[in-house]
Chemist: 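Pasting a structure here, questions to come.
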Amino acid sequence: MTAHTCHATGCDTPVPPRMFMCKRHWFRLPKHMRDDIWRVYRPGQEVTKDPSPEYLATARAAIRWLEAKEGVQGALKL
């Protein structure tokens, strides 16, 4: 089984499965984006592997925002 890593493009930092990103990338996101992620997160979705469509859309938007901020592009890890 592979370790869960930060969802930021190009980041392989291991994080607990319930966490979306490593600390460095998480705090690069604007607070409203972090709040949005928590608003649509359902406890246990990392275990059942069934995040909601709202969570996935919110997560993708955050990843794309961070890609633009950091000037990187890549395949989504979601």
Side-chain angles (χ1 to χ4, degrees):
M1 177 170 17
T2 60
H4 180 74
T5 59
C6 175
H7 285 288
T9 300
C11 184
D12 293 324
T13 302
V15 294
R18 72 183 181 286
M19 305 310 291
F20 179 57
M21 291 182 166
C22 66
K23 184 177 180 176
R24 180 173 73 91
H25 285 111
W26 179 250
F27 286 105
R28 290 206 73 190
L29 293 174
K31 182 165 181 348
H32 73 89
M33 286 188 153
R34 297 190 315 259
D35 290 346
D36 288 347
I37 296 270
W38 280 120
R39 181 178 48 79
V40 295
Y41 170 78
R42 290 186 320 232
Q45 70 182 25
E46 71 278 3
V47 175
T48 58
K49 308 289 190 223
D50 66 346
S52 69
E54 294 83 7
Y55 177 86
L56 292 173
T58 302
R60 286 183 185 113
I63 292 166
R64 292 294 186 223
W65 183 91
L66 197 54
E67 286 177 342
K69 179 85 170 167
E70 295 185 334
V72 299
Q73 211 172 14
L76 287 171
K77 296 195 280 183
L78 288 177

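Small disclaimer: the values here were computed from a predicted structure and weren't measured. All residue numbers in this chain count up from 1 along the given sequence.
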Chemist: Can you find a pair of side-chain heavy atoms, one from Gln73 and one from Thr9, that are under 4.5 Å apart?
Modeler: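 Gln73 does not reach Thr9 side chain to side chain.
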Chemist: Taking atom CZ of Arg60 and atom CD1 of Ile63, what is their separation to the nearest 0.5 Å?
Modeler: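 The CD1 atom of Ile63 is 8.0 Å from CZ of Arg60, to the nearest 0.5 Å.
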Chemist: Give a yes or no on whether Val15 and Val47 share a hydrophobic cluster (residues Ile, Leu, Val, Met, Phe, Trp, Tyr; joining criterion: side-chain heavy atoms under 4.5 Å apart).
Modeler: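 No, separate clusters.
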Chemist: Under the salt bridge (charged side-chain N to carboxylate O under 4.0 Å, His left out) test, which residues partner Lys31, sequence neighbours left out?
Modeler: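 Lys31 satisfies salt bridge (charged side-chain N to carboxylate O under 4.0 Å, His left out) with Asp35 once adjacent residues are dropped.
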Chemist: Hey, can you pull the donor-acceptor pairs under 3.5 Å for the side chains in residues 19-27, sequence neighbours left out?
Modeler:
| unit_1 | atom_1 | unit_2 | atom_2 | d |
| --- | --- | --- | --- | --- |
| His25 | NE2 | Glu70 | OE2 | 3.1 |

Chemist: Over all heavy atoms of both residues, which pair between Ala62 and Leu29 is shortest? Give the atoms and the distance, please.
Modeler: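 For Ala62 versus Leu29, the nearest heavy atoms are O-CD2, 3.7 Å.
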Chemist: Going by side-chain contact (heavy atoms from CB on, under 4.5 Å), name the residues that satisfy it together with Pro14, two or more places apart in sequence or in a different chain.
Modeler: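 Pro14 satisfies side-chain contact (heavy atoms from CB on, under 4.5 Å) with no residue once adjacent residues are dropped.
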Chemist: Before you tell me yes or no, could you show the steps for Thr58 and Tyr41 under side chain to side chain contact (heavy atoms under 4.5 Å, CB included), namely the whole-Å CA-CA distance, both residues' side-chain angles and the distance that decides it to 0.1 Å?
Modeler: CA-CA 10 Å; Thr58 302; Tyr41 170 78; over 6 Å; no
Chemist: Run the salt bridge (charged side-chain N to carboxylate O under 4.0 Å, His left out) test against Arg42 and tell me which residues pass, sequence neighbours left out.
Modeler: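 Here the qualifying residues are Asp50.
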Chemist: Nearest heavy-atom pair of Pro51 and Leu56: which atoms, and what distance?
Modeler: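 So the two residues come closest at CG-CD2, 3.8 Å.
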Chemist: I need the minimum non-hydrogen distance between Asp12 and Thr5, along with the two atoms involved.
Modeler: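 Closest pair (atom of Asp12, atom of Thr5, distance): O-CG2, 3.5 Å.
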Chemist: Using the side-chain contact (heavy atoms from CB on, under 4.5 Å) criterion, which residues pair with Pro17? Sequence neighbours excluded.
Modeler: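 So Pro17 forms a side-chain contact (heavy atoms from CB on, under 4.5 Å) with His4, Glu46.
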